[in-house]
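Please read the structure below before turning to the comments.
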Amino acid sequence: MSHFVQNTLSGLKKLLDNKDQMKSLSEEGEVYSVSCSFNPPIKSNEVEKFESEHDIKLPEDYKAFLTLHNGARIYESVDDDGVNIGGGLHLFSLDDIKETQEVEYISEHGIPIAHLLEDCYLILDIEKLKSGDPNYLNILEFTDIKTLNLNFEIFLDRYIISQGVPFWSWPIYTAENYYRTR
């Protein structure tokens, strides 16, 4: 299987200005400024060490990301002065994963690889990984775990295409309930 993580990130980077910022369009026409930052890559032996320590084989598409960037921050909101005011997707470095795994209510659901939307985490479902299920990515919202039926690279691609809007909740909104939920 070829992975398109690199193409997705390259496309995003082409949209950034010289301050690694860009304008983003959100729901109902809201325009705001966002920033993106990317950590340096990780060495493959560090990934192997992590896998060995945790007795897990990380998915290939996620390892492809780590070899490009050992963590990133995508679509963090910035004010008019360029000061980060939060939000966005914080893709963890391997060190961030280790630190976040120490939080029991998170680690009991799998391996946390990202934080987003205040109290949400992207989780690698260990059982699905072990069984070879390609839809191994879950989202932990507060204390509720939801299956996204996605892998990492499809999630990342859709997150970037949707400009940081929670695309996974779109199917629940209909013309009947959309306006009542606002």
Minimum-distance pair of heavy atoms, taken over all atoms of E153 and F4: OE1-N, 2.8 Å

Contacts of K43 that satisfy side chain to side chain donor-acceptor pair (under 3.5 Å) - sequence neighbours left out: none

Pair I97-D95, side-chain contact (heavy atoms from CB on, under 4.5 Å): steps then yes or no: CA-CA 5 Å; I97 290 173; D95 287 339; over 6 Å; no

Flag side-chain contact, heavy atom, 4.5 Å: L122 against H115: no

Nearest atoms (heavy-atom pairs only) where K63 meets L58: CE-O, 3.5 Å

Connected via hydrophobic side-chain network under 4.5 Å: I113 and V103: yes

Single-linkage hydrophobic cluster V78~I74, side-chain heavy atoms < 4.5 angstrom: no

Selection residues 4-23 - residue pairs positive for side-chain hydrogen bond (donor to acceptor under 3.5 Å, both in side chains), sequence neighbours left out: T8-D157, K13-H69, K23-S33

Intermediate values then yes/no, side-chain hydrogen bond (donor to acceptor under 3.5 Å, both in side chains), N70 and N39: CA-CA 5 Å; N70 183 24; N39 295 354; 5.8 Å; no

Sidechain N-carboxylate O distance under 4.0 Å for K49, E46: no

Expected output: side-chain S162 to main-chain R158 donor-acceptor under 3.5 Å: yes

From S37 atom OG to R73 atom CZ, the distance as rounded to the nearest 0.5 Å: 6.5 Å

Hydrophobic cluster membership, L116 vs F142, 4.5 Å side-chain cutoff: no

Validation row: L124, L129 side chains within 4.5 angstrom (heavy atoms): yes

Validation row: P59, F152 side chains within 4.5 angstrom (heavy atoms): no

Side-chain donor-acceptor contact under 3.5 Å, D61 with Y136: yes

Whether over 12 other heavy atoms sit under 6.0 Å from E99 CD: no

Test side-chain contact (heavy atoms from CB on, under 4.5 Å) applied to N138 and K128, step by step: CA-CA 10 Å; N138 295 334; K128 287 183 179 180; 4.0 Å; yes

Test log, rule side-chain contact (heavy atoms from CB on, under 4.5 Å), inputs C36 and L12: CA-CA 9 Å; C36 299; L12 173 62; 4.0 Å; yes

Rounded distance [0.5 Å steps], CD1 in I42 versus CG in L94: 4.0 Å

Min side-chain heavy-atom separation L9-L156 under 4.5 Å: yes

In one Ile/Leu/Val/Met/Phe/Trp/Tyr side-chain cluster, 4.5 Å: L25, V165: no

Pairwise distance CG(L15) to OG(S24) - rounded to 0.5 angstrom: 10.0 Å

Intermediate values then yes/no, side-chain contact (heavy atoms from CB on, under 4.5 Å), L66 and Y62: CA-CA 6 Å; L66 291 172; Y62 184 63; 3.6 Å; yes

Atom of I123, atom of H109 and distance for their closest heavy-atom approach: CG2-O, 3.3 Å

Contact check, side chains of N135 and L148, non-hydrogen atoms, under 4.5 Å: no

Q101 vs I111 side-chain heavy atoms within contact, under 4.5 Å: yes

Under the ring-ring contact (aromatic ring centres under 6.0 Å, His included) test, residues paired with F155 that sit two or more places apart: Y159, F167, W168

Considering all heavy atoms, the nearest P166-S169 contact: O-OG, 2.9 Å

Heavy-atom closest pair, residues Y32 and S26: CE2-CB, 3.3 Å

Side chain proximity check, E48 to K57, heavy atoms < 4.5 angstrom: no

Side-chain touch I160/Y75, heavy atoms, less than 4.5 angstrom: yes

same_hphob_cluster(L137, I161) at 4.5 Å side-chain heavy-atom cutoff: no

